[in-house]
Amino acid sequence: MFFIFAALINVMKEVRVRFAPSPTGPLHIGGVRTALYNYLFARKNGGKFLLRIEDTDQNRYVPGAEDYIIESLKWCGINFDEGVSIGGPHEPYRQSERKHLYFEYAEKLINEGKAYYAFDTPEELEEMRERLTQKGVATPQYDYLSRYEMKNSLVLSPEDVKSRLERGDPYVIRVMIPADREIKVDDLIRGEVVVHTSKLDDKVLFKSDGMPTYHLANIVDDHLMEITHVIRGEEWLPSAPLHVLLYEYFEWDAPQFAHLPLLLKPDGNGKLSKRDGDRLGFPVFPLQWSDPKSKEISSGYRESGYLPDAFINMLAMLGWNPGTEKEVFSMQELIDAFSIDRVQKHGSKFDPEKAKWYNHQYFSVLSDNEVAHLLEKQLIGKGVNADFGKLLEISRLIKERVTLIPDLWEQSYFFFKQPLTYDEKLKNKIWRPETPEVLRHICSFIEEQTSLQSDTFESSLKEYIHQSGFNMGQVMNTLRLALVGSAFGPGIAGIISVLGKEETILRINRLKNS
RNA sequence: GGUCCGUUCGUCUAACGGUUAGGACGCCAGGUUUUCAUCCUGGUAAUAGGGGUUCGAUUCCCCUACGGACUACCA
């Protein structure tokens with residue numbers, strides 16, 4: 001009976017998840033994936049997704065990083081319901097602005113004997129580690145063994161502690177980890193993870209600069225913001241037992257945990273880093289980032305010409321799969337299909353080729369109209385004006401030949417510019433003494449046409465070449481040389497149809513006279 | 001070093017004890033496109049190793065190996 005009731009409450013409770021990056025630089029695609037899985041989970045369960053900025057480390061703050069994160073999520077179509085920049089019922093969503101509320105929680109723990117003041121200097125901490133290492137201690141750390149040899153409120157007299165605090169001596173607040181207990185972390189992806197407290201250390205909860213550490217801030221905020229599921233990277237798994245213990249210390253219900261596997265570098269081992277992108281030539285960030293200090297520029301998926309939906313689809317499939325053979329998913333389809341228990345346990349090597357494949361897939365299903373708009377934007381960047389109707393025709397001809405947005409220009413520039421040079425290899429291969437004569441005939445044939453509609457025109461052109469006894473390959477390739485300048489591009493009839501009579505004949509004559 | 005997590009084709013993965021171990025990317029070959037790309041067809045290729053449990057293990061357990069994360073007054 002109790003269990004049924006408890007389960008019911010659980011079902012009725014609104015799902016609330018958060019993405020909580022720290023603004024220390026651009027968001028890496030692993031971070032985007034974490035945000036995506038949180039988003040999908042929230043939407044799938046009819047819950048809320050919030051964005052919280054964890055900026056408790058003032059030293060690592062990078063200007064522009066927060067805006068970058070917000071813009072990235074926006075580009076990806078990962079919309080949040082509450083958070084920085086849009087507000088919500090639990091404002092503020094930036095931890096630096098919540099600074100005032102953390103101390104009382106740390107103090108409460110001290111009053112209950114679950115935490116303590118520590119006055120050790122960095123040098124003293126270093127000495128302690130040194131000393132323990134000398135003694136052959138396997139894990140030299142501030143813990144249930146070493147804390148009684150340090151300068152903290154557990155060993156100092158109450159008077160001493162009081163006067164140090166009144167004097168304004170720098171101090172931190174450390175959690176007191178029990179000596180001999182097992183902490184169980186129930187993870188949605190990994191099952192039960194058990195850690196003995198003797199392996200944990202008395203982590204700092206509150207820093208001497210008056211800011212909480214991640215460990216304190218994330219527990220307090222997740223509780224206050226009523227977070228039900230903490231979905232985060234695997235790098236947090238080792239500190240999850242501490243977090244579970246803190247929930248227990250505060251007598252709060254702990255959220256469900258799910259620790260996501262990492263994104264690994266395409267070659268070799270280890271987690272994907274910015275360096276891998278530079279080295280292997282693919283973006284590691286959603287948007288281009290220019291470092292405010294070093295001025296160094298890192299490429300982004302958006303600027304490289306990826307479509308956001310394709311990028312998201314690719315990322316979603318790295319470490320999760322629906323259990324079917326379907327691979328192309330819209331965001332809504334991802335939401336419908338998503339479930340946390342189909343998330344992989346192990347890390348995934350990132351595959352830049354697959355990213356391109358996804359983008360190509362998305363291009364081929366885009367409407368002519370959508371492609372034409374993308375092409376139009378490219379042309380504006382090149383200073384080329386063109387009639388939209390013409391762009392539609394061109395889009396239809398080239399969209400299946402395009403992988404990235406810049407390919408639109410690569411595949412279509414010859415529609416807007418006469419070829420200035422001719423591919424020598426192709427020219428040598430097809431040019432014959434009679435070629436100019438043949439071209440003259442082709443020109444007059446084109447001249448006579450009443451319509452250049454590509455479907456009908458193509459067959460009549462071929463018919464004409466065939467009946468005239470010309471070599472089909474030679475004529476077609478020569479036309480290609482005249483119109484495009486080299487051996488690539490869509491079918492000749494389609495090109496002529498877009499170019500029109502006048503321009504086609506102009507280009508043919510230009511080749512003839514070259 | 002310690003703690004924790006992990007391990008199916010080169011890569012992403014399916015197979016919740018019984019399959020000729022399936023799909024996708026890549027690669028290779030053929031076809032279509034009288035160009036190039038696309039596209040189509042086919043091919044290549046995997047259960048890390050060793051022990052158990054079981055009539056039967058990719059699947060459950062143990063050990064080994066290998067890989068990864070963490071090990072700050074960073075998140």
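The sequence lines fix the lettering, A, B, ..., with proteins before strands; numbering per chain opens at 1.
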>> Looking only at the side chain of A/His346 (C-beta and beyond, no hydrogens), which of the listed nucleotides B/C5, B/U13, B/C4 gets closest?
In response: B/U13
>> In whole Å, measure the gap between the C1' atoms of B/A24 and B/G43 for me.
In response: 16 Å
> Quantified in whole Å, what is the C1' atom distance between nucleotide B/U59 and nucleotide B/C16?
Replying inline: 8 Å
> B/U11 P sits how many Å from A/Asp276 CG, rounded?
Replying inline: 16 Å
> Using the P atom in both, what is the distance from B/C25 to B/A21, to the nearest Å?
Replying inline: 22 Å
> If you check the A/Lys349 side chain, which of B/G26, B/G6, B/U11 turns out closest?
Replying inline: B/U11
>> Could you identify the nucleotide paired to B/C60, looking across every strand shown and requiring Watson-Crick or G-U wobble geometry with both distances under 3.5 Å?
In response: B/G52
>> I'd like the P distance from B/U7 over to B/U13, given in whole Å.
In response: 11 Å
> With a cut-off of 6.0 Å (strictly less than), are more than 12 heavy atoms of other residues, nucleotides or ligands near NZ of A/Lys345?
Replying inline: no
> Using the benzene-type ring in the case of Trp, are the ring centres of A/Phe206 and A/Tyr105 under 6.0 Å apart?
Replying inline: no
> Hey, does A/Lys462 reach any base, or is it just sugar-phosphate, or nothing, if we go heavy atoms under 4.0 Å?
Replying inline: sugar-phosphate
> Would the A/His243 and A/Tyr214 ring centres measure less than 6.0 Å apart?
Replying inline: yes
>> Are A/Trp409 and A/Phe414, when compared by the centres of their aromatic rings, separated by less than 6.0 Å?
In response: no
>> Can you measure A/Asp351 atom CG to B/A24 atom C1' for me and round it to whole angstrom units?
In response: 11 Å
> Is A/Pro490 touching bases, backbone alone, or none of the nucleic acid, heavy atoms closer than 4.0 Å?
Replying inline: base
> Does the side chain of A/Gln344 get closer than 4.0 angstrom to OP1 or OP2 of B/A14 through an N or O atom?
Replying inline: yes
>> Taking the six-membered ring for Trp, are A/Trp289 and A/Tyr68 closer than 6.0 Å centroid to centroid?
In response: yes
>> List the residues meeting salt bridge (Lys or Arg N to Asp or Glu O under 4.0 Å) with A/Glu333, not counting sequence neighbours, and say none if there are none.
In response: A/Lys326
> Should the pair A/Arg52 and A/Tyr93 be classed as cation-pi, given the thresholds of under 6.0 Å to the six-membered ring centre and 45° from the axis?
Replying inline: no
>> With nearest nucleotide decided by heavy atoms, which residue, A/Val194 or A/His466, maps closer to the 5′ end of RNA chain B?
In response: A/Val194
> What is the distance from CD of A/Glu353 to P of B/G26, rounded to the nearest Å?
Replying inline: 7 Å
>> What is the distance, to the nearest angstrom, from the CG atom on A/Leu479 to the P atom on B/C36?
In response: 16 Å
>> Whole angstroms only, please: what is the CD1-C1' distance between A/Ile183 and B/C5?
In response: 18 Å
> Given A/Tyr37 and A/Phe338, is the ring pair (Phe, Tyr, Trp, His ring centres under 6.0 Å) satisfied, shown in steps?
Replying inline: CA-CA 8 Å; A/Tyr37 284 7; A/Phe338 191 75; 5.3 Å; yes
>> Can you check the distance between B/A46 and B/G10, where both ends of the measurement are the P atom (answer in whole Å)?
In response: 7 Å
>> Only pairs with both distances under 3.5 Å count, Watson-Crick or wobble alike; so what is the partner of B/G42 in this structure?
In response: B/C28
>> Rounding to an integer number of angstrom, what distance separates B/C5 and B/C40 when you compare their P atoms?
In response: 44 Å
> Using the C1' atom in both, what is the distance from B/C9 to B/A15, to the nearest Å?
Replying inline: 15 Å
> Considering the options A/Glu149, A/Glu126, A/Glu124, which one meets the salt bridge (charged side-chain N to carboxylate O under 4.0 Å, His left out) requirement together with A/Arg131?
Replying inline: A/Glu149
> Hey, can you pull the residues of residues 317-326 of chain A with a non-hydrogen atom under 4.0 angstrom from RNA chain B?
Replying inline: A/Met317, A/Leu318, A/Gly319, A/Asn321, A/Glu325
> A/Asp407 has an atom CG; how far is it from atom C1' of B/C36, in whole Å?
Replying inline: 13 Å
>> Holding to side-chain contact (heavy atoms from CB on, under 4.5 Å), I want the full list of residues that pass it with A/Thr34, two or more places apart in sequence or in another chain.
In response: A/Phe19, A/Asn38, A/Leu260
> Do A/Tyr306 and A/Tyr358 have ring centres separated by under 6.0 Å?
Replying inline: no
>> From NZ of A/Lys354 over to P of B/C9, roughly how many Å is that when rounded to an integer?
In response: 15 Å
>> In whole Å, measure the gap between the P atoms of B/A57 and B/G50 for me.
In response: 14 Å
> Can you find a side-chain donor-acceptor pair between A/Tyr362 and A/Asn313 that sits under 3.5 Å?
Replying inline: yes
> How many Å lie between CG on A/Leu272 and C1' on B/C12, as a whole number?
Replying inline: 14 Å
>> What contact category does A/Lys199 fall into here, base, sugar-phosphate, or nothing, at under 4.0 angstrom with non-hydrogen atoms?
In response: sugar-phosphate
> If pairing requires Watson-Crick or G-U wobble contacts with both distances under 3.5 Å, which nucleotide is the partner of B/C4?
Replying inline: B/G68
>> Applying side chain to side chain donor-acceptor pair (under 3.5 Å), can you list everything that pairs with A/Asp67, at least two apart in sequence or on another chain?
In response: none
> What string of B, S and - do you get for nucleotides 65-75 of chain B, 5' to 3', if B is base contact, S is sugar-phosphate-only contact and - is no contact with any protein heavy atom under 4.0 Å?
Replying inline: --SSSS--BBB
> Looking at CG of A/Leu439 and CZ of A/Phe445, how far apart are the two atoms once the value is rounded to the nearest 0.5 Å?
Replying inline: 14.0 Å
> For B/C73, what is the paired nucleotide under Watson-Crick or G-U wobble rules, both distances under 3.5 Å?
Replying inline: none
> Which letter, B, S or -, goes with each nucleotide of nucleotides 38-46 of chain B from 5' to 3', with contact meaning a protein heavy atom under 4.0 Å?
Replying inline: SS-------
> Looking at the side chain of A/Ser348, which of B/A24, B/U13, B/C5 is the nearest nucleotide?
Replying inline: B/U13
